[in-house]
Asks: 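One structure, as structure tokens, below. Some questions next.
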2 protein chains.
Amino acid sequence: MLELSILGFLHETPLHGYELRKRVAALTGHIKPIAESTLYPAIKRLEKSGWLRRDQQPGAVAAPRHVLSLTDGGRAELMRRLAEPEPLDISNENRWFTVLAFLRHLADPAAQAVVLRRRLAFLEEPSSFFYADDRPVSAEEVDDPFRQGVLVIARATSRAELDWLRTTLAALDAAA
Amino acid sequence: MLELSILGFLHETPLHGYELRKRVAALTGHIKPIAESTLYPAIKRLEKSGWLRRDQQPGAVAAPRHVLSLTDGGRAELMRRLAEPEPLDISNENRWFTVLAFLRHLADPAAQAVVLRRRLAFLEEPSSFFYADDRPVSAEEVDDPFRQGVLVIARATSRAELDWLRTTLAALDAAA
DNA sequence: ACGTAGTACCTCGACACCGATGTATAGTTC
DNA sequence: GAACTATACATCGGTGTCGAGGTACTACGT
């Protein structure tokens with residue numbers, strides 16, 4: 001997820017680590033902050049895989065900057081990760097939002113539609129947080145007000161997203 | 001989050017690891033499955049901290065079961081974790097849902113209200129996924145349809161949850 | 001002159017998590 | 001009779017993440 005953000009941001013424009021950190025923080029930091037000691041090793045990993053290049057530049061105000069940019073391999077890797085997200089990228093809302101944040105880079109409307117359809121299938125699957133006798137329990141059947149809340153909120157999210165998915169898919173299909 | 005689920009489920013009734021695993025899977029497994037090799041070490045950790053006790057029992061159909069139950073310390077720890085969730089438990093939806101799933105065990109309506117109010121404060125904070133010139137960008141200003149989706153869905157969720165939080169808080173305040 | 005905040009990068013130890021693999025029994029399917 | 005699924009537990013190596021700490025320079029207030 002962090003790696004996808006890095007690849008996504010660097011696809012838009014070359015950045016140095018410190019600026020990258022601020023962009024990642026703006027994107028998902030309010031939900032889950034990422035530590036510096038997580039970002040820099042992640043950059044090194046991606047560099048080692050040959051997905052990004054590092055160019056030294058004199059520091060504007062402080063230490064010399066390492067301007068990072070995607071290699072051709074890095075661009076291909078980004079496209080691969082966007083076109084074929086892992087199951088967790090589909091089921092976990094935070095990861096899914098990260099995919100969505102960069103999905104426009106996938107350019108091909110048909111390929112974008114494939115990804116949206118995977119999320120659609122996931123949301124259409126009957127699933128819940130609470131079960132009785134292996135059957136999902138609806139909000140109306142729960143007496144615990146907090147568990148009721150979980151179901152009510154999840155349902156509202158699910159409906160809003162299904163709406164959005166269906167209209168966006170219609171537009172993508174029309175474009176393709 | 002996993003540890004909270006374990007404490008929460010064991011507060012309801014003693015269980016052996018395998019059954020615990022199924023309950024955890026039912027609660028959050030469709031979003032983020034947890035591996036066996038994560039659960040068993042987690043159980044050991046909690047046991048080592050003195051929060052749960054292990055009683056051997058002949059296996060019903062297979063290997064001998066280890067029936068797990070909360071100690072008094074474990075119950076106290078659960079209450080502490082429910083009453084004073086970490087910041088990430090408040091900001092991350094999956095973690096927050098886990099807190100909600102067991103919040104009824106906190107018994108005291110005033111203490112429950114304190115927790116809900118922390119989530120309320122988090123949701124009322126102006127924050128977004130996308131910024132231009134350090135200002136949050138609204139769905140209407142974005143032209144990327146996928147980023148628009150993120151904002152539309154997040155807004156729908158936020159509204160549903162704010163509604164629910166306010167009515168539930170009113171009920172809790174009336175009860176206290 | 002001193003402290004603090006911001007820029008810009010880095011290392012290290014600790015630890016949670018995971019996939020792979022192992023052990024053993026019982027019931028079901030082909 | 002073999003293969004598979006379910007029950008029930010466990011270990012182990014690899015890896016991602018984090019907090020704490022370190023380095024070094026600039027700018028600003030006092």
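Convention: sequence-line order gives letters A, B, ...; per-chain numbering from 1.
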Asks: Only one of B/V99, B/L106, B/L116 forms a side chain to side chain contact (heavy atoms under 4.5 Å, CB included) with A/F146, so which one is it?
Replies: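 The residue from B/V99, B/L106, B/L116 that satisfies side chain to side chain contact (heavy atoms under 4.5 Å, CB included) with A/F146 turns out to be B/L116.
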Asks: Using side-chain contact (heavy atoms from CB on, under 4.5 Å), reason through A/W96 and B/V150 one step at a time and then give a plain yes or no.
Replies: CA-CA 9 Å; A/W96 171 241; B/V150 170; over 6 Å; no
Asks: How close or far is atom P of C/dC9 from atom CD of A/E36, stated in whole angstroms?
Replies: 9 Å
Asks: For the aromatic rings, using the six-membered ring if either is Trp, is the centroid distance between B/H16 and B/H66 under 6.0 Å?
Replies: no
Asks: Quick one: B/R21 CZ to C/dC18 P, roughly how many Å, whole number?
Replies: 11 Å
Asks: Can a side chain N or O of A/Y40 be found less than 4.0 Å away from OP1 or OP2 on C/dC9?
Replies: yes
Asks: Please give, in whole Å, the distance from C/dA16 P to B/L4 CG?
Replies: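 Answer to the nearest Å: 15 Å.
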Asks: Between A/F129 and B/H30, what is the ring plane arrangement, given parallel below 30°, perpendicular above 60°, and tilted in between?
Replies: perpendicular
Asks: Distance to the ring centre below 6.0 angstrom and angle to the axis at most 45 degrees; does that hold for A/R147 and B/F102?
Replies: yes
Asks: Does A/H16 make a side-chain N or O approach to OP1 or OP2 of C/dA8 shorter than 4.0 Å?
Replies: yes
Asks: Not counting sequence neighbours, which residues clear salt bridge (Lys or Arg N to Asp or Glu O under 4.0 Å) with A/K22? List them please.
Replies: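 Expected list: A/E19.
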Asks: Sort me out a list of protein N/O and nucleotides 16-19 of chain D N/O pairs below 3.5 Å, or just none if empty.
Replies:
| from | atom 1 | to | atom 2 | distance (Å) |
| --- | --- | --- | --- | --- |
| D/dT17 | OP2 | A/R45 | NH2 | 3.4 |
| D/dC18 | OP1 | A/K32 | NZ | 2.6 |
| D/dC18 | OP2 | A/T38 | OG1 | 2.4 |
| D/dG19 | N7 | A/S37 | OG | 2.8 |
| D/dG19 | O6 | A/S37 | OG | 2.9 |

Asks: A quick test of your reading: do over 12 heavy atoms of other residues, nucleotides or ligands sit less than 6.0 Å from CD of A/E124?
Replies: yes
Asks: Is there a side-chain contact between B/Y40 and B/E36, using heavy atoms and a 4.5 Å cut-off?
Replies: yes
Asks: Rounded to whole angstroms, how far apart are CD1 on B/I6 and C1' on C/dC17?
Replies: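 Taking CD1 of B/I6 and C1' of C/dC17, I get 13 Å after rounding.
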Asks: Could you list all N or O pairs between the protein and nucleotides 25-28 of chain D that sit under 3.5 Å apart?
Replies:
| from | atom 1 | to | atom 2 | distance (Å) |
| --- | --- | --- | --- | --- |
| D/dT26 | O4' | A/V61 | O | 3.2 |

Asks: Rounding to an integer number of Å, can you tell me how far A/L88 CG sits from C/dC17 P?
Replies: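 In whole Å, C/dC17 P lies 13 Å from A/L88 CG.
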Asks: Within the structure, does a side-chain N or O atom of B/K22 lie under 4.0 Å from either OP1 or OP2 of D/dA8?
Replies: no
Asks: Looking at D/dT11, I'd like to know if its phosphate oxygens (OP1 or OP2) sit under 4.0 Å from a side-chain N or O belonging to B/K44.
Replies: yes
Asks: Between A/Y18 (OH) and C/dC10 (C1'), how many Å, whole number?
Replies: 14 Å
Asks: Given atom CD1 of A/I43 and atom C1' of C/dC9, what is their separation to the nearest angstrom?
Replies: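 Those two atoms, CD1 and C1', are 10 Å apart.
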Asks: Start with the C-alpha gap between A/E141 and A/S138, add the side-chain angles, then the distance that decides, and say whether side chain to side chain donor-acceptor pair (under 3.5 Å) holds.
Replies: CA-CA 5 Å; A/E141 298 172 85; A/S138 75; 3.1 Å; yes
Asks: Could you give the CD-to-P distance, from A/E86 to C/dC17, as a whole number of Å?
Replies: 18 Å
